[in-house]
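Source: prediction; values computed, not measured. No hydrogens, no waters, no symmetry mates; every other heavy atom, side chains included, goes into these values. First listed ligand is number 1; within each ligand, the first listed atom is number 1.
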Amino acid sequence: MPYVSTMEIFKDGLAKGYGTPMFNCINYEMIRWCIEVAEEERMPVIIGHYFGFETNMDPAVSKMVTKYYAEKAKVPVALHLDHCPSASICYGRMKHFRSVMIDGSHYDFEENVRITKDVVRVAHQMGIVVEAELGKVGSAAKLEDISNPDNYTDVMQAIEFVERTKCDSLAVSIGNAHGTYVSAPNLAFDRLKELRSALDLPLVLHGGSGIPDEQFGRCAVEGMSKFNVFTDFNLALGSGIIKSYEEKGNKGGLTMLVDAREGCKEVIRHKMRMVNPKGLHVV
Ligand code: 13P
């Protein structure tokens, strides 16, 4: 199957009732494992690339590896440029992607609209779809960031934001945050329901690590399309390497990476099943 746009995956997911995880990958192995699990589960997957991880992974390499395995796969695979905090970071990488995120949520509403609108105009001319963000998705390490309803995406603002920016999908805040949660989050499903019925575009959940399974799965049932995951995946890689060392000593990088594979694939499989409440297969 050729490698597809995120929007193709979202449309199918919304019609059939499944969500799709996006895993930020920092190396070749993580991309390969995501696509292997997607094939085993017979469900789509989105590979994420983040500029902050470019000390290890160039965007051109993310694209090359994803495209190589996507073209061999039977399931849809998409590649997405995650969290660009500025238009220039986004523009500098756009040629490698068919799906990008501009995150202007750290600006005030008007500035977020302005930046997002600019990126959408340029991206759409290139046939690229744009995810934007409204509301504060903060740090899971800060109780204030996950418990303050003032951080949630405002429904009326979201309607205006989507109308003015013409973004293709929207990342929202409902008490979710990035990283390891200080205490289990209590996602605001009332707000998600309101957003889902007020907006006619795919919704995105950031901070997909450490959210209790029941809440994570419920987001898919409530119509969320994309689920961003990094911390749980990255920690699984670290734990797998440590375990290999503890059990075998230093047998070298290859042994450690191979030993870490199953634990990482388990995280991918678990998240994928969680957002597929009907247990569907697309192929
Ligand atoms: P976590 O690291 O909390 O899983 O968040 C990932 C994310 O939202 C990337 O955009």
Side-chain angles (χ1 to χ4, degrees), residues 6 9-10 19-27 30-31 33-34 37 45-54 56-57 59 62 78-86 89-90 93 97 99-106 116 129-143 145-147 151-153 167-187 192 202-213 215-217 219-220 224-239 263-264 266-272 274-275:
T6 47
I9 295 177
F10 299 153
T20 303
M22 180 198 85
F23 297 97
N24 274 330
C25 294
I26 58 166
N27 58 20
M30 287 168 111
I31 297 178
W33 299 335
C34 286
V37 176
V45 72
I46 302 168
I47 305 298
H49 175 95
Y50 176 53
F51 82 99
F53 305 147
E54 286 174 8
N56 205 55
M57 190 80 161
S62 284
L79 176 67
H80 175 80
L81 175 62
D82 193 24
H83 274 297
C84 294
S86 71
I89 287 179
C90 201
R93 290 159 179 77
F97 298 89
S99 177
V100 299
M101 178 192 192
I102 176 70
D103 178 8
S105 64
H106 47 289
T116 303
V129 293
V130 179
E131 174 184 322
E133 180 166 311
L134 187 68
K136 181 180 175 191
V137 178
S139 161
K142 294 184 195 153
L143 195 57
D145 282 4
I146 58 171
S147 57
N151 294 333
Y152 299 169
T153 306
C167 62
D168 301 285
S169 59
L170 188 68
V172 295
S173 167
I174 54 165
N176 48 308
H178 297 108
T180 304
Y181 287 90
V182 267
S183 69
N186 194 7
L187 300 184
L192 174 55
L203 299 179
V204 180
L205 185 83
H206 281 247
S209 298
I211 294 178
D213 288 351
Q215 295 186 46
F216 197 66
C219 287
M224 224 156 203
S225 293
K226 175 167 170 278
F227 295 77
N228 288 14
V229 177
F230 176 63
T231 302
D232 281 350
F233 193 23
N234 192 35
L235 288 174
L237 177 60
S239 302
C264 288
E266 194 42 50
V267 169
I268 303 163
R269 192 174 299 117
H270 186 71
K271 300 283 182 193
M272 209 171 261
M274 217 47 45
V275 298

of all protein heavy atoms, closest to atom 3 (O) of ligand 1 is Gly179 N, 2.8 Å

Considering only protein heavy atoms, which is closest to atom 8 (O) of ligand 1, and at what distance to one decimal place?
->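 Result for atom 8 (O) of ligand 1: Gly207 N, 2.8 Å.
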
Measure from the ring center of His49 to the ring center of His80 and say whether it is less than 6.0 Å.
->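 No, too far apart.
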
Any N/O pair Ser209/ligand 1 closer than 3.5 Å |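 Yes; the residue has a nitrogen or oxygen that sits under 3.5 Å from a nitrogen or oxygen of the ligand.
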
Looking at ligand 1, does any of its N/O atoms fall within less than 3.5 Å of an N/O of Val229?
-> no

Using a 4.0 Å heavy-atom cut-off, say whether Asn24 meets ligand 1 through its side chain, its backbone, both or neither.
->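 It is the side chain that gets close, since no backbone atom is under 4.0 Å.
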
Please state which part of Asp82 comes within less than 4.0 Å of ligand 1, counting heavy atoms only: side chain, backbone, both or neither.
->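 It is the side chain that touches ligand 1; the backbone stays farther off.
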
Which of the atoms in ligand 1, numbered in the order shown and given with their element, are less than 4.0 Å from a heavy-atom of [X]?
X: Thr231; value: 1 (P), 2 (O), 3 (O), 4 (O)
X: His83; value: 10 (O)
X: His206; value: 8 (O), 10 (O)

Taking only residues two or more places apart in sequence or in another chain, which ones pass ring-ring contact (aromatic ring centres under 6.0 Å, His included) with Tyr152?
->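 None.
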
So His270 and Asp213, side chain to side chain donor-acceptor pair (under 3.5 Å) or not? Walk me through it.
-> CA-CA 9 Å; His270 186 71; Asp213 288 351; 2.9 Å; yes

Tell me yes or no: between the side chains of Asn228 and His83, is some donor less than 3.5 Å from an acceptor?
-> no

Candidates Phe233, Trp33, Phe227, Phe230 - the one meeting ring-ring contact (aromatic ring centres under 6.0 Å, His included) with Phe23 |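 With Phe23 as partner, Phe233, Trp33, Phe227, Phe230 yield a single ring-ring contact (aromatic ring centres under 6.0 Å, His included), made by Phe233.
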
Identity of the nearest option to atom 6 (C) of ligand 1, non-hydrogen atoms only, from Phe233, Phe23, Phe230 = Phe230

Under-4.0 Å salt bridge between Lys271 and Glu266 = no

Go through the structure and list residues passing side-chain contact (heavy atoms from CB on, under 4.5 Å) with Ala177, not counting sequence neighbours.
->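 Only Ala140, Ile146, Tyr181 meet the side-chain contact (heavy atoms from CB on, under 4.5 Å) criterion with Ala177.
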
